[in-house]
Structure formats: structure tokens, C-alpha cells
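Right, one structure below, let's go through it.
Each chain gets a letter, A, B and so on, in the order the sequences are listed, and its residues count up from 1.
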Amino acid sequence: MNDEREVLDVLTTNARESAADIAAQTGLDEEAVEAAIASLEREGIVHGYQAVVDWDRTDEEKVRAVVEVNVELDRETGYEEIADRIAKFPATHALHLVSGDYDFAVEVEGASMQDVSRFISEQVAPMPEVTQTVTHYIMETYKDGGIRFEDGDDDDRLSVSP
Amino acid sequence: MRLSERARDLPESGIRKFFELAEARDDVISLGVGEPDFSAPWAARTAAIDSLERGRTSYTANRGMLELREAIADHHRRYDQVYDPESEIVVTTGASEAVDLAFRALVDPGDTVAIHEPAYISYGPGVDLAGGERLPVRTRAEDDFVLTPEVLSEAGAEDADLLVLCYPNNPTGATMDADELADVAAFCREHDIRVIADEIYAALTYGSDHDSIATQPGMRERTVVINGFSKAYAMTGLRLGYAMGPAEAIDAMNRIHQYTMLSAPTTAQYAAIEALRSCDDEVTEMVKEYDRRRNYVHSRFREMGLDCFEPKGAFYAFPQPGGDDEQFAEDLLEEQGVAVVPGSVFGEGGAGHLRVSYATSMRELKAATDRIEAFLADRD
């Protein structure tokens with residue numbers, strides 16, 4: 001697991017690092033890095049690799065919302081079953097069971113506000129176990145995936161110093 | 001205006017020339033920077049802001065706020081460095097002030113101060129200003145730039161009054177383990193040499209924790225330890241350091257400090273208290289990141305056949321391309337737009353080497369090492 005942990009540290013910083021570069025950074029050899037990545041993927045520790053995108057800077061319209069979902073469980077249906085159904089919709093970007101005033105926090109993505117609200121009202125709210133939904137549209141994203149959305153870095157250090 | 005002889009004799013730092021050359025170009029990737037590329041942890045910065053909002057803008061006690069000295073004492077207990085916050089610690093304006101105070105408090109005119117080289121550029125001039133005589137002691141690449149009793153003897157350091165010891169080392173990235181320190185400690189005890197141990201990079205070691213010479217038997221009473229917040233907490237611009245040592249030495253340093261500096265910056269002291277209180281995780285993260293870069297740079301140099309021992313601390317690699325290091329650095333800057341610092345700037349022992357700082361982003365390090373590789377290929 002130790003090799004895997006080190007590889008994971010690099011991948012969570014930059015998933016595009018090549019095996020050769022990961023090897024150079026960790027002191028492992030390239031084969032060990034490949035093996036660690038294969039094992040991380042096989043064991044379902046790493047589920048995928050995606051870009052962190054600031055959609056507001058594209059021409060594309062993208063609407064995201066965080067939806068609070070309250071549910072009522074019964075003998076036949078647990079959180080797992082409900083989560084499974086909500087997760088199946090491609091509009092569900094992320095899904096978490098959370099502590100506090102509501103049960104699920106669902107991150108939903110759509111082409112428009114109408115799109116998102118139709119998804120909630122037509123797909124999520126009607127589920128028999130769902131008792132209430134509250135939709136929060138995301139107005140602005142400042143940081144995502146641990147990365148701050150701002151213009152470049154401003155290295156104001158002297159270029160050469162003792 | 002007529003200047004003092006002392007000022008006229010003080011040479012311009014060799015690093016200045018490279019600064020000017022690098023500043024004159026705008027496509028430079030700089031591996032010449034001697035400070036972290038991170039900003040201070042946000043918690044420390046907010047503590048500084050908060051102190052300003054509450055109007056904490058007056059002087060503090062000469063020795064620094066007691067709360068800060070207590071936090072420093074607590075912090076160092078984990079390294080078996082035990083100092084009384086009331087009488088054995090003084091907070092200074094950067095570790096640089098602490099180095100200057102130590103020279104002024106410990107050096108009499110004509111005293112000999114042994115300085116291992118290559119080393120940080122301030123020690124020599126600091127000794128000059130205190131009226132002492134410098135005694136350069138060249139550490140060797142084949143010893144991984146560790147200071148040994150052999151090189152001390154070769155340089156005639158038996159007669160030295162004082163030794164400056166800087167590990168983890170700028171510019172080499174060398175560290176010294178407890179056994180190696182024990183040998184130097186024995187030499188110092190035998191020849192009655194006091195030590196100024198500049199441990200500003202103590203938090204940045206890779207693989208094993210820092211050891212201080214002051215924890216060697218019989219050394220605490222003859223050593224002033226200097227440390228600070230600049231490197232560990234990425235707080236260079238807040239200018240905060242400190243010295244720890246026997247009460248009489250700290251008292252003497254504080255007497256000079258109270259006339260020349262009065263007290264270290266108050267805002268920075270608030271930031272430092274918070275840094276010590278809550279920023280261990282950030283330091284750990286920064287060290288991990290430096291470690292990845294260190295591995296990367298060292299492995300790239302090895303691949304391109306550039307002779308380089310494995311650095312164990314600070315954030316510098318010290319490869320030896322062979323030939324004239326100044327010319328190499330100038331050509332590298334000219335042809336590939338990569339700034340490094342020639343090793344000879346850090347004393348004769350550094351000749352033939354380059355100081356390569358990896359306190360820069362992985363993206364820049366990749367681009368810079370690619371350019372160095374192209375430069376070496378062109379030269380062949």
C-alpha cells in the first residue's frame with residue numbers, strides 16, 4: 001500500500017503525470033508505478049481521471065445545483081437502494097449521504113435551469129421514498145477539486161536570491 | 001559622502017550579478033530562488049490580519065512576546081532541544097538578524113571564525129563586520145558536503161574560537177546525522193570552540209528528522225542555535241527568526257538587539273504564534289511536495305549524466321557540471337533562459353557546482369530540466 005499511497009499523492013495533485021514522471025518524483029521505478037496504478041484501479045480506489053473545468057469560462061451554458069433530498073426509509077428500502085436509483089441518472093454528477101437536516105446531497109448538472117428543475121421534479125421528487133427536495137443553484141464557483149479558480153499564479157519573488 | 005572603511009571593504013554579493021542578468025530577460029525560468037514558492041499558511045496570515053484589526057501595532061518585549069517564546073520552546077522540545085522561554089530565547093527580525101547578533105555577541109576583534117564552505121553568503125561578511133577573521137573550511141563533494149574533523153584539521157580550525165554550522169545546508173542540500181555531528185562536537189569540545197548553528201532549514205529534511213549539534217553532550221552550553229519561520233512556514237517576507245542558547249549568550253544578544261532593533265515585527269509575531277499552534281499539517285504537505293520535486297530533479301540530473309549527490313534537506317540540489325560554474329550559469333541563462341546560481345558564489349568549495357533551487361512548481365521544474373538537458377546536449 002505504501003507505493004500506492006505515494007502514487008496516489010501524485011495523482012491527486014495532477015492525474016496527467018506520466019508513469020515515468022511519477023517514478024522520478026517518488027523514487028519508485030516505472031514498473032512499480034504502473035503496478036500501483038493498476039492495483040489502485042482494480043481495487044476501486046481510483047475510479048477515474050477527470051479535468052477540473054471552470055465552465056463559466058467556456059461558451060457553453062452549464063447549470064449546476066446542489067439538491068437536498070429528504071427520504072423516508074421503510075423495511076424494504078434503505079439508503080443504498082435509493083442512492084442507487086438517483087445515481088443512475090446521468091444528470092446526477094455527485095451523490096452523498098450526509099448528516100444533518102437532510103439525507104442526500106445531490107450535485108446535479110444540466111444545460112439550463114429548466115433542465116435541472118425538470119429532472120428534480122420529474123425524476124427525483126416523485127420517488128415514493130422522497131419526502132422533500134430543496135434545490136440550490138450554483139451561482140459562482142471559486143474553487144473545485146482543491147483548485148482555486150483564478151488567473152494564473154503571481155510569483156512575485158525575486159528571480160534570484162541567496 | 002565619505003564612507004567607512006568597513007563599508008568600502010564589504011564586497012557586493014556575487015548573487016547580485018545573476019539577479020541582474022535574470023531580471024533583464026522576461027522568458028526566464030528561475031531555479032535561483034532561495035525562498036519557498038508557497039505562501040504562508042492561511043491560518044498564520046489571518047492571525048496577522050486579525051492582530052492588525054485589533055490594533056496590535058505597538059512594540060513587543062525586546063525578546064519577543066512571551067507567548068511566542070513559549071510556543072517556540074514547546075515546538076523544540078520535540079527535537080530534544082530544551083530552552084527556557086524566559087531567559088534562553090530571543091525573537092529576531094529574521095534569522096539573519098540572529099546570525100548578526102550572535103557574531104557581535106560572541107566575536108572579539110581578531111577572533112577566528114571557522115565557516116564551512118560552500119555556505120550561505122552572509123556568514124563571512126557578518127564575521128568581517130564583527131571584526132573577526134574568517135577561516136574557510138572546505139567540505140568535500142565526496143563526503144556529500146558533510147563537515148568532518150578531518151577537513152576542520154586540514155584548515156587549521158583547532159585554533160578557531162567559533163564555528164558556524166549550517167545544516168541542512170544552503171546551497172548544497174546536505175544534512176548531518178547524529179553520528180557525524182558527534183564527531184564535530186568532539187572536535188569543538190577538545191579545542192574549546194563555540195558554535196553558531198544556523199538551523200533555518202531544520203523542518204525541511206527528507207527521510208530522517210533533523211539533528212541539532214546542541215543536543216550532543218557538552219554542546220548546549222557552547223552553542224547558539226538559530227532558527228526561524230521563513231523556510232518552514234514560507235514566511236520569508238514577514239522577517240521572523242529566533243536564537244536559542246545559554247542565558248548569558250541570549251542576554252548579550254538581546255542587549256545588542258534592544259539598541260539596534262528594539263523588537264521583531266509585532267504582526268509577524270502574531271502570525272508565528274498561529275503557525276506554531278495550528279500549521280503542522282501545512283508544513284507536512286509542503287515537505288512532501290518538496291520531496292517529490294527533490295526526487296524529480298535528482299532523477300532527471302542522473303538521467304542526463306549530470307553529476308549530483310542526493311540532497312537530503314533544504315530545497316536545493318548542487319550538481320557539478322564540470323568546468324567554470326559562472327560561465328556555465330551565464331551560458332545556460334543566455335541560451336536556454338534558465339537561471340541557477342553558480343556554486344562559487346557560496347565560497348571556493350562551491351566552484352564547479354550549481355545551486356539549483358526546487359522551490360518552484362513541478363510544471364516549471366519539468367520545463368527547466370528539459371531546457372538544461374537540451375543545453376547539455378548542445379554542449380556535447
Side-chain angles (χ1 to χ4, degrees), chain A residues 1-37 40 45-46 49-54 57 140-162, chain B residues 13-26 28-37 39 96 120-122 170-171 206-207 236-237 285 288-289 291-303 310 329 333 339-341 345-346 355 357 359-366 369:
Chain A
M1 188 61 200
N2 221 351
D3 287 3
E4 292 175 14
R5 190 69 189 84
E6 284 194 48
V7 170
L8 206 49
D9 266 346
V10 178
L11 288 177
T12 49
T13 310
N14 179 5
R16 289 192 71 205
E17 294 282 12
S18 67
D21 280 349
I22 296 173
Q25 290 174 43
T26 56
L28 300 168
D29 58 41
E30 217 173 310
E31 290 74 39
V33 171
E34 305 265 20
I37 293 174
L40 286 165
I45 296 169
V46 170
Y49 308 87
Q50 293 180 331
V52 178
V53 180
D54 185 353
R57 299 213 182 190
E140 190 84 58
T141 300
Y142 302 100
K143 186 175 178 180
D144 199 8
I147 298 173
R148 177 84 166 93
F149 290 176
E150 59 192 350
D151 288 315
D153 51 16
D154 46 345
D155 191 344
D156 54 0
R157 298 177 298 164
L158 299 176
S159 57
V160 177
S161 58
Chain B
S13 146
I15 229 157
R16 182 81 209 171
K17 176 177 161 196
F18 275 83
F19 171 70
E20 277 160 11
L21 287 174
E23 286 288 296
R25 296 180 52 138
D26 53 6
V28 169
I29 302 181
S30 182
L31 306 183
V33 188
E35 62 175 322
D37 57 315
S39 290
S96 300
Y120 183 59
I121 59 170
S122 293
N170 175 9
Y206 312 104
T236 45
E285 277 308 308
K288 267 167 122 175
E289 180 61 29
D291 192 17
R292 285 194 283 266
R293 298 171 185 179
R294 176 185 74 105
N295 282 325
Y296 180 78
V297 167
H298 181 239
S299 126
R300 286 296 303 272
F301 284 168
R302 222 175 28 207
E303 274 169 28
E310 184 188 346
L333 183 62
V340 298
V341 181
V345 162
F346 303 96
R355 190 193 72 174
S357 163
T360 194
S361 70
M362 190 65 79
R363 181 196 300 250
E364 299 244 290
L365 279 179
K366 284 182 184 178
T369 45

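For Val341(B), the part lying near chain A is the side chain, with the backbone staying farther off; criterion is any non-hydrogen pair under 4.5 Å. Looking at Arg293(B), there are no atoms closer than 4.5 Å to chain A (heavy atoms on both sides), in backbone or side chain. The part of Ala339(B) that comes within reach of chain A is its side chain, from C-beta onward, which places non-hydrogen atoms under 4.5 angstrom from that chain. The part of Asn170(B) that comes within reach of chain A is its side chain, from C-beta onward, which places non-hydrogen atoms under 4.5 angstrom from that chain. Only the side chain of Ile121(B) comes within less than 4.5 Å of a heavy atom in chain A; its backbone stays farther off.
Most heavy-atom pairs under 4.5 Å with chain A: of the set His298(B), Glu23(B), Glu35(B), Glu289(B), this distinction falls to Glu35(B). Comparing Lys366(B), Lys288(B), Glu20(B) by heavy-atom pairs within less than 4.5 Å of chain A, the highest count is held by Lys366(B). Counting heavy-atom pairs under 4.5 Å between each of Arg16(B), Met362(B), Arg300(B), Arg302(B) and chain A puts Met362(B) at the top. With respect to chain B, the highest number of heavy-atom pairs below 4.5 Å among Ile22(A), Asp21(A), Thr26(A) belongs to Asp21(A).
Atom CZ of Arg16(A) sits in a sparse spot, with 12 or fewer heavy atoms from other residues, nucleotides or ligands closer than 6.0 Å. Surrounding CZ of Arg25(B) are more than 12 heavy atoms belonging to other residues, nucleotides or ligands, all under 6.0 Å away.
Tested against Asp3(A), the residues Leu8(A), Ile37(A), Leu28(A) include a single side-chain contact (heavy atoms from CB on, under 4.5 Å) partner, Leu28(A).
The closest side-chain heavy-atom distance from Leu11(A) to Tyr49(A) is below 4.5 Å.
Between the side chains of Tyr296(B) and Arg292(B), not a single donor N or O lies within less than 3.5 Å of an accepting N or O.
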Given salt bridge (Lys or Arg N to Asp or Glu O under 4.0 Å), test Arg57(A) with Asp151(A) step by step and report yes or no. CA-CA 11 Å; Arg57(A) 299 213 182 190; Asp151(A) 288 315; 3.0 Å; yes
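A salt bridge links Glu310(B) with Arg294(B): at least one charged nitrogen is closer than 4.0 Å to a carboxylate oxygen.
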